[in-house]
Amino acid sequence: MDAGLLILRLLVGLLIAGHGVQKISTHLGGKGLDGGTREFRADGFRGGALTALAAGGGQIGSGLLLAAGLLTPLAATGAIGVMTVALTVKWPNGLWVQNDGHEYPLVLIGTAAALTATGPGAWSLDRALGLTPHPLWWTAPVLAAGLGSGLLARLALHRAPAA
């Protein structure tokens, strides 16, 4: 089980972090901070470079923490928050990713919640530092805080469509 949790944490955590790197730099196929800013503006967000930096930084931080299995409930909350914003952007396109839908953010939200429920496993920094086990009931507040912060960010930063 611990090997499976390690593989899951590394895969999902590094993908989330990599997605954040793309938002703010030219690494991993990104278009730099200017490109990230343009992407957010095209999706209807205000805030310019600060919005791209906050989103990219949130993805990098939460992804790396998930991958390391460090402060797992906090990392999952951050990942759920940024992926909730992505889900709201892609919601109008339906579920499936081939239609630019919200399938991928939904899978990442579910995975982060599952890692909160299971804990990061024995091969994690949480375990090495004596920070586990996390109680199962933490899953509900992590989901609530992650979903709530993502929805609040969307409400605060998204422009209303022109009439």
Side-chain angles (χ1 to χ4, degrees), residues 8-117 120 125-126 134 138-163:
L8 185 63
R9 283 193 348 259
L10 288 172
L11 175 67
V12 171
L14 293 176
L15 284 173
I16 291 171
H19 198 71
V21 168
Q22 289 180 317
K23 283 198 175 23
I24 61 173
S25 77
T26 57
H27 298 291
L28 304 177
K31 294 181 176 110
L33 184 56
D34 288 338
T37 301
R38 283 192 305 275
E39 178 186 341
F40 275 98
R41 287 190 177 142
D43 287 336
F45 287 88
R46 41 180 180 256
L50 186 57
T51 300
L53 280 170
Q59 287 174 321
I60 293 167
S62 63
L64 291 177
L65 288 172
L66 271 181
L70 178 61
L71 304 173
T72 301
L74 179 65
T77 301
I80 291 168
V82 294
M83 288 300 111
T84 297
V85 175
L87 185 144
T88 65
V89 169
K90 297 182 175 296
W91 187 265
N93 302 327
L95 176 62
W96 303 114
V97 74
Q98 69 263 27
N99 299 320
D100 198 28
H102 58 275
E103 173 186 2
Y104 183 62
L106 184 61
V107 167
L108 295 177
I109 289 167
T111 303
L115 286 170
T116 302
L125 288 178
D126 277 352
H134 306 122
W138 279 18
T139 307
V142 163
L143 260 172
L147 293 171
S149 66
L151 292 173
L152 282 173
R154 172 69 187 235
L155 286 171
L157 295 174
H158 199 263
R159 293 185 302 264

Looking at [X] and [Y], what are the two nearest heavy atoms and their distance?
| X | Y | answer |
| --- | --- | --- |
| Ala113 | Thr139 | O-CG2, 3.8 Å |
| Leu66 | Ala76 | CD2-N, 4.1 Å |
| Ser62 | Gly58 | OG-O, 2.7 Å |
| Ala112 | Ala79 | CB-CB, 4.3 Å |
| Asp126 | Pro73 | OD2-CD, 4.5 Å |
| Ala75 | Leu70 | CB-O, 4.1 Å |

Step-by-step side chain to side chain contact (heavy atoms under 4.5 Å, CB included) determination, Ile60 to Ile24: CA-CA 10 Å; Ile60 293 167; Ile24 61 173; 3.7 Å; yes
Could you state the interatomic distance from [atom1] ([X]) to [atom2] ([Y]), rounded to the nearest 0.5 Å?
| X | Y | atom1 | atom2 | result |
| --- | --- | --- | --- | --- |
| Met83 | Thr88 | CE | OG1 | 11.0 Å |
| Ile80 | Leu143 | CD1 | CG | 4.5 Å |
| Leu152 | Thr84 | CG | OG1 | 11.0 Å |
| Arg38 | Lys31 | CZ | NZ | 8.0 Å |
| Thr26 | Leu33 | OG1 | CG | 11.0 Å |
| Thr72 | Arg9 | OG1 | CZ | 6.5 Å |

If only atom types and distance count, is the side chain of [X] paired as donor or acceptor with the main-chain N or O of [Y] below 3.5 Å?
| X | Y | answer |
| --- | --- | --- |
| Thr51 | Arg46 | yes |
| Ser25 | Gln22 | no |
| His158 | Asp43 | yes |

Mind running side chain to side chain contact (heavy atoms under 4.5 Å, CB included) on Arg154 and Val89 for me, showing each step along the way? CA-CA 9 Å; Arg154 172 69 187 235; Val89 169; 3.5 Å; yes
Does the pair Leu157 and Phe40 meet the rule for a side chain to side chain contact (heavy atoms under 4.5 Å, CB included), with working shown? CA-CA 10 Å; Leu157 295 174; Phe40 275 98; over 6 Å; no
His19 vs Val82 side-chain heavy atoms within contact, under 4.5 Å: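 Not touching, per the 4.5 Å side-chain cut-off.
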Would you be so kind as to tabulate the donor-acceptor pairs closer than 3.5 Å made by side chains of residues 100-109, with sequence neighbours excluded?
from   : atom 1 : to    : atom 2 : distance (Å)
Asp100 : OD1    : Lys90 : NZ     : 2.6
His102 : ND1    : Gly94 : O      : 2.8
Glu103 : OE1    : Val97 : N      : 2.9

